[in-house]
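Heads up: the structure comes next, in structure tokens.
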Amino acid sequence: MRNSVPLLCLWSVYCCFAAGSSTPPGPEGRLQDEHHKPRNVQVAAKPPVRFSLRTSGDSDHEGCYLSVGHNQPLEDCGFNVTAKTFFIIHGWTMSGMFESWLYKLVSALQMREKEANVVVVDWLPLAHKLYTDAVNNTRVVGHSVARMLDWLQEKDDFSLGNVHLIGYSLGAHVAGYAGNFVKGTVGRITAITEVVKCEHERAVHLFVDSLVNQDKPSFAFQCTDSNRFKKGICLSCRKNRCNSIGYNAKKTRSKRNSKMYLKTRAGMPFRVYHYQMKIHIFSYKALGEIEPNFYVTLYGTSADSQLLPLEIVEQIGLNATNTFLVYTEEDLGDLLKIKLTWEGTAQSWYNLWKALRSYLSEPRSTERELSIRRIRVKSGETQRRLTFCVQDFENTSISPGQELWFHKCRDGWGMKNETR
């Protein structure tokens, strides 16, 4: 089933940024023994920043709290100094509580990295504020995270290179500050920012998907804007222009943020298979403006696709090459043939009026007829290119209600792996 929400996602990688010094926050929370609280003494307020080592993905289980300068909790909580350590940093909150995505991410990390330490950075008291105040608090929280990391580095066998900071929303800013303030270089920082143009929290679910379905990674492609992506222009992997997203993303050197686009399925696994289709459309008659409803069906060695629409982002260019983007929800294998269909125009009053006006203004002998000889296809995931030739070169014309079949051209059997 196709997704009922927008399928086009923009994946943006947040980079660390320079920041000046700031006054460190107060001491982090400490483990408290409920049985030894002094009587008639007011219980201290919840610390503004707490570090919860999660031993379970259950939302009812708070985990075990770590505190800078206190070694005993590390032993009591089973902190593994030689393993990978993930710090999950939430963002701004209206409810003052953790959202459901956090527990899903904890569970996914524990399932993928069974020996790793998963620590939730709880800064709810500072995040449950006016948004502008929460933004200002990110520097303070970043200092707290850096202090925790500096303290952990004092432990034998603990390596900062094994640390992965994962920030969502304003948590991305916290991760950036922490990476800047810590003594040394953090192994990896992922910022899952709110510029992801999908349904709410889809960015987090994409990250969880990359952990749970590691054999089905989703790929995103660098593009300057969504229209160019929808036209299939941006399926190149040259010079790091494509990357798997989420936990499987490859480190790249970039001086600026890049806009990365992808299509997704409605639910996990989110991976789809992107194809660029280049079609040179000939017109031997003066047709003026024309908006053909083209569809393709792809036939592969592993499966066949559904009827896929060729979305017209801009006006169709006649006697010119037009580029389209199509995607399938399953792996078709190697493509064998393509069926191109020109469906009848949708019967809206506007389209009926256009058809009637065209019928009255043009001679009866002039029909809507186009000619297509070849279709060039490029796979975004494999970067392979193939050329498909019309089955009958004596019949390359297509009109509404008709179809054309295309097979691999004789000189197109070899799969080219080069990219452009």
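The first residue of the sequence shown is numbered 1, and numbering continues consecutively from there.
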ask   = In Å, rounded to the nearest 0.5 Å, how long is the span from OG1 of Thr264 to CD of Glu329?
value = 9.0 Å
Test item: side-chain donor near acceptor, Ser169 and His90, under 3.5 Å = no
key: Arg50 to Tyr65, cation-pi by 6.0 Å centre distance and 45° axis angle   = yes
ask   = Under the 6.0 Å and 45° cation-pi test, does Arg373 pair with Phe282?
value = yes
message = Checking Leu105 against Leu211 for the side chain to side chain contact (heavy atoms under 4.5 Å, CB included) test, could you report, in this order, the C-alpha distance in whole Å, the side-chain angles of both residues, the deciding distance, and whether it holds?
response = CA-CA 9 Å; Leu105 181 53; Leu211 292 166; 3.8 Å; yes
remark   = Minimal heavy-atom distance between Pro292 and Leu370, with the atoms involved, is CG-CD1, 4.3 Å
message = With heavy-atom distances below 4.5 Å as the criterion, would you say the side chains of Tyr295 and Leu308 are in contact?
response = no
request  = State, to 0.1 Å, how close Asn240 and Gln222 come at their nearest heavy-atom pair, and which atoms those are.
outcome  = O-OE1, 4.0 Å
ask   = Do you know the tightest heavy-atom contact between Val182 and Ala146?
value = N-CB, 3.7 Å
task = Check the pair Ser218 / Ile245 against side chain to side chain contact (heavy atoms under 4.5 Å, CB included), numbers first and verdict last.
result = CA-CA 6 Å; Ser218 294; Ile245 63 173; 4.0 Å; yes
query = Is the distance between the ring centroids of Phe207 and His205 less than 6.0 Å?
reply = no
ask   = Can you find a pair of side-chain heavy atoms, one from Tyr273 and one from Tyr327, that are under 4.5 Å apart?
value = no
request  = For Ala83 and Ala116, work out which heavy atoms get closest and say how close.
outcome  = CB-CA, 4.2 Å
task = Evaluate the criterion side chain to side chain contact (heavy atoms under 4.5 Å, CB included) for residue pair Phe158 and Thr85; output intermediate values, then yes/no.
result = CA-CA 10 Å; Phe158 182 85; Thr85 301; 3.9 Å; yes
query = Does Met97 CE have over 12 foreign heavy atoms under 6.0 Å away?
reply = no
key: Asp209/Lys216 under salt bridge (charged side-chain N to carboxylate O under 4.0 Å, His left out): CA gap, chis, key distance, verdict   = CA-CA 9 Å; Asp209 180 55; Lys216 298 177 181 177; over 6 Å; no
task = Test Ile372 against Phe406 for side chain to side chain contact (heavy atoms under 4.5 Å, CB included), laying out the working first.
result = CA-CA 10 Å; Ile372 299 174; Phe406 297 81; 3.7 Å; yes
key: Check: Phe229 ring centroid to Tyr261 ring centroid under 6.0 Å   = yes
ask   = Do Ile89 and Trp123 come within less than 4.5 Å of each other through their side chains, counting heavy atoms only?
value = yes
inquiry  = Can a side-chain donor-acceptor contact be found between His280 and Thr321 if the only test is distance below 3.5 angstrom?
reply    = yes
message = Apply ring-ring contact (aromatic ring centres under 6.0 Å, His included) to residues Tyr299 and Trp405 and explain how you reach the verdict.
response = CA-CA 11 Å; Tyr299 297 85; Trp405 285 87; 5.5 Å; yes
ask   = Rounded to the nearest 0.5 Å, how far does SG of Cys389 lie from CD1 of Ile375?
value = 10.0 Å
key: Check: Asn71 and Lys155 side chains under 4.5 Å, non-hydrogen atoms   = yes
query = With a 4.5 Å limit on heavy-atom distance, are the side chains of Trp151 and Leu149 in contact?
reply = no
query = Just checking, any donor-acceptor pair under 3.5 angstrom between side chains of Glu381 and Tyr275?
reply = no
query = side-chain hydrogen bond (donor to acceptor under 3.5 Å, both in side chains) with Gln391: which of Lys339, His407, Lys337?
reply = His407
request  = Please check if any side-chain donor atom of Arg54 sits under 3.5 Å from a side-chain acceptor atom of Gln110, or the reverse.
outcome  = no
message = Side chains of Asn322 and Lys231: any donor to acceptor distance under 3.5 Å?
response = no
remark   = Interatomic distance, NZ@Lys84 vs CG@Leu109, rounded to 0.5 Å, equals 10.0 Å
query = Roughly how far apart are Ile88 CD1 and Trp101 CH2, rounded to 0.5 Å?
reply = 7.0 Å
query = Where is the tightest heavy-atom contact between Thr387 and Arg374, given as atom of each residue plus distance?
reply = CG2-CD, 4.0 Å
ask   = Okay, side chain of Ser210, backbone of Gly246: is any donor-acceptor separation there less than 3.5 Å?
value = no
query = Side chains of Val145 and Tyr177: does their closest heavy-atom pair fall under 4.5 Å?
reply = no
request  = Report the distance from atom NZ of Lys250 to atom SG of Cys242, rounding to the nearest 0.5 Å.
outcome  = 7.5 Å
ask   = What closest approach, in Å, do Val212 and Ala108 show between heavy atoms, and which atom pair accounts for it?
value = CG2-CB, 3.9 Å
key: Beyond-backbone contact of Gln214 with Tyr247, side-chain heavy atoms, under 4.5 angstrom   = no
query = Just wondering, do Cys234 and Gln276 contact through their side chains at under 4.5 Å, heavy atoms?
reply = no
ask   = Which distance, rounded to the nearest 0.5 Å, do you find between the OG of Ser399 and the CG of Leu404?
value = 9.5 Å
message = Between Phe219 and His274 (judged by ring centroids, cut-off 6.0 Å), do the two rings come close enough to count as a pair?
response = no
